[in-house]
Amino acid sequence: MNLQTLSLSHYRNIVILTGAGISAASGVPTFRGENGLWNDAEFLRASDAANLPDSLPMVWKVFGGLRALAETIKPNAAHYAIAEMQRRHPTKNITLITQNVDGLHQAAGSENVIELHGSVLRSRCTNEACVAKPFEDLTSRTQVPLCEICGAPLRPDIVLFNEMLPPWESHQSKRALRDVELFLAIGTSGVVNPAAQFVSSAAYAGARTILINLEAMQPRNPHFQEEILGRAEEILPLLWKE
């Protein structure tokens, strides 16, 4: 692979945004493409909060299946490359934001990961008045479980379509983008939110902006200055230059 290395010595504030493409090599289904999840009508219905609460059984069927998958998959070289980069540069402000709900960044050793869309490895109560907090839940459920405190149905702790992003995660992401000097979007199309919105903010802050993805942007997002095409698990271990 003819890849120009990226020197990190010029940057102190770095933001990395990852999407479904970074986990593809680990066996996690992506959204686009011939076998993408967007082509699954059941997945689309379960992913839309407008269908709640009637869709809760389907939500557990679909995302419970992803939970079972998440228990068996392993991080790939791309996840480890990011975790190693963070470890080698403890004095830099490196913010890792992921759209993924699979927990693979944490499994690879990354800490303080901003999970923009939540985690399939947690559950939470659907009753907004309940005092129960989201909790780690690795059980692959086939039926809708009930909250032990209030008796309301539980749901996976993920963000569905037509739901707001979690306030703390959204705030932390925007805060990191205010002073970003290097912005990397990995495994995402770069043309839909939040990637499109985030790169716009990064460009406004004067950052160098790079998209790393298997496929070229269609249409091209002008806020990305550079585009590196290829598999994240092959690119990232070769990309960083000390």
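Side-chain atoms of Thr209 come within 3.5 Å of backbone N or O of Gln225 as a donor-acceptor pair. At distances below 3.5 Å, at least one donor-acceptor pair connects side-chain atoms of Asn76 with backbone N or O atoms of Ala78. When atom types are taken as modelled, the side chain of Asn193 and the backbone of Gln197 share a donor-acceptor pair closer than 3.5 angstrom. In this structure, Arg67 contributes its side chain and Thr139 its backbone to a donor-acceptor pair below 3.5 Å. No side-chain donor-acceptor contact under 3.5 Å links Glu226 to the backbone of Ile210. Side-chain N or O atoms of Ser170 include none that pairs as donor or acceptor with a backbone N or O of Pro166 at under 3.5 Å. Counting only distance, with no hydrogens or angles, the side chain of Thr72 and the backbone of Leu69 share a donor-acceptor pair below 3.5 Å. Using modelled atom types, no side-chain atom of Ser200 and backbone atom of Ala196 make a donor-acceptor pair closer than 3.5 Å. Between the side chain of Glu181 and the backbone N or O of Asn13 there is at least one donor-acceptor pair closer than 3.5 Å. Looking only at distances, no side-chain donor or acceptor of Asn213 sits under 3.5 Å from a matching main-chain atom of Gly230.
Of the inter-residue distances, the one linking Ile149 atom CD1 with Lys133 atom NZ reads 10.0 Å to the nearest 0.5 angstrom. Summarising the geometry, atom CD belonging to Glu227 is positioned 5.5 Å from atom CG belonging to Leu211; distances are rounded to the nearest 0.5 Å. Note that CD1 of Ile212 is 5.0 Å distant from CG of Leu236, once rounded to the nearest 0.5 Å. One finds the OG atom of Ser23 at 14.5 Å from the NZ atom of Lys74 (value rounded to the nearest 0.5 Å). Distance check: Leu160 CG to Arg155 CZ gives 4.5 Å after rounding to the nearest 0.5 Å. Leu154 CG to Ser123 OG: the interatomic distance, rounded to the nearest 0.5 Å, is 6.0 Å.
By the criterion of side-chain heavy atoms lying less than 4.5 angstrom apart, applied directly or through intervening Ile, Leu, Val, Met, Phe, Trp or Tyr residues, Leu146 is not grouped with Phe135; the two fall into different hydrophobic clusters. Put simply, Leu214 and Val28 are part of two different groups of oily side chains (I, L, V, M, F, W, Y) that touch within less than 4.5 Å, one to the next. Residues Leu238 and Tyr80 are members of separate hydrophobic clusters, defined by side-chain heavy-atom contacts under 4.5 angstrom among Ile, Leu, Val, Met, Phe, Trp and Tyr.
Put simply, the side chain of Pro156 reaches to within 4.5 Å of the side chain of Val59, judged on heavy atoms. Here the side chains of Cys147 and Pro153 are not in contact, with every heavy-atom distance at 4.5 Å or above. Looking only at side-chain heavy atoms (C-beta outward), Leu17 and Ile186 stay at 4.5 Å or farther from each other. Counting only heavy atoms from C-beta outward, the side chains of Leu229 and Glu215 never approach each other to under 4.5 Å. Using a 4.5 Å heavy-atom threshold, the side chains of Thr98 and Leu116 count as separate. By the 4.5 Å heavy-atom criterion applied to side chains, Tyr11 and Arg208 are counted as neighbours. Counting heavy atoms from C-beta outward, Ser47 and Phe63 have side chains that approach closer than 4.5 Å. The side-chain heavy atoms of Asn93 and Ile14, taken from C-beta on, include no pair separated by under 4.5 Å.
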Would you check, one step at a time, whether the test side-chain contact (heavy atoms from CB on, under 4.5 Å) holds for Asp137 with Arg122?
CA-CA 5 Å; Asp137 186 4; Arg122 292 192 303 269; 5.9 Å; no
Full working for salt bridge (charged side-chain N to carboxylate O under 4.0 Å, His left out) between Arg45 and Glu42
CA-CA 5 Å; Arg45 177 168 172 76; Glu42 189 173 66; over 6 Å; no
Yes or no on side-chain contact (heavy atoms from CB on, under 4.5 Å) for Glu115 and Val159, after CA distance, side-chain angles and deciding distance?
CA-CA 10 Å; Glu115 294 177 312; Val159 178; over 6 Å; no
Would Thr95 and Ile114 satisfy side-chain contact (heavy atoms from CB on, under 4.5 Å), going step by step from the backbone distance to the final call?
CA-CA 8 Å; Thr95 301; Ile114 298 176; 3.7 Å; yes
Might you work through the side-chain contact (heavy atoms from CB on, under 4.5 Å) test for Trp240 and Thr5, ending with a clear yes or no?
CA-CA 6 Å; Trp240 322 122; Thr5 56; over 6 Å; no
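The nearest pair of heavy atoms linking Asn127 to Cys150 is ND2-SG, 3.6 Å. The minimum heavy-atom distance linking Gly103 with Leu121 is given by the pair CA-CD1, 4.5 Å. Here the shortest heavy-atom pairing between Met217 and Ser189 reads CG-O, 3.2 Å. Residue Gly118 comes nearest to Val101 through the heavy atom pair O-CG1, 3.4 Å, listed as atom of the first residue, atom of the second, then distance. The minimum heavy-atom distance between Val62 and Ala46, with the atom names listed, is CG2-CB, 3.8 Å. Across all their heavy atoms, Ala152 and Thr126 have their closest contact at CB-OG1, 4.0 Å.
No more than 12 heavy atoms of other residues, nucleotides or ligands lie within 6.0 Å of CG in Asn112, so this atom counts as exposed by the packing criterion. Within 6.0 Å of the NZ atom in Lys61, the count of heavy atoms belonging to other residues, nucleotides or ligands does not exceed 12. The environment of OH in Tyr204 is sparse: at most 12 heavy-atom neighbours from other residues, nucleotides or ligands sit within 6.0 Å.
The only option from Ile22, Ile97, Ile82, Leu182 that meets the side chain to side chain contact (heavy atoms under 4.5 Å, CB included) definition with Ile16 turns out to be Ile82. Just one of Gln99, His79, His105 meets the side-chain hydrogen bond (donor to acceptor under 3.5 Å, both in side chains) condition when paired with Thr18; it is His105.
No side-chain donor-acceptor contact under 3.5 Å links Ser119 and Asp157.
Using a 30° and 60° split on the angle between ring planes, Phe224 and Phe183 fall in the tilted class, from 30° to 60°.
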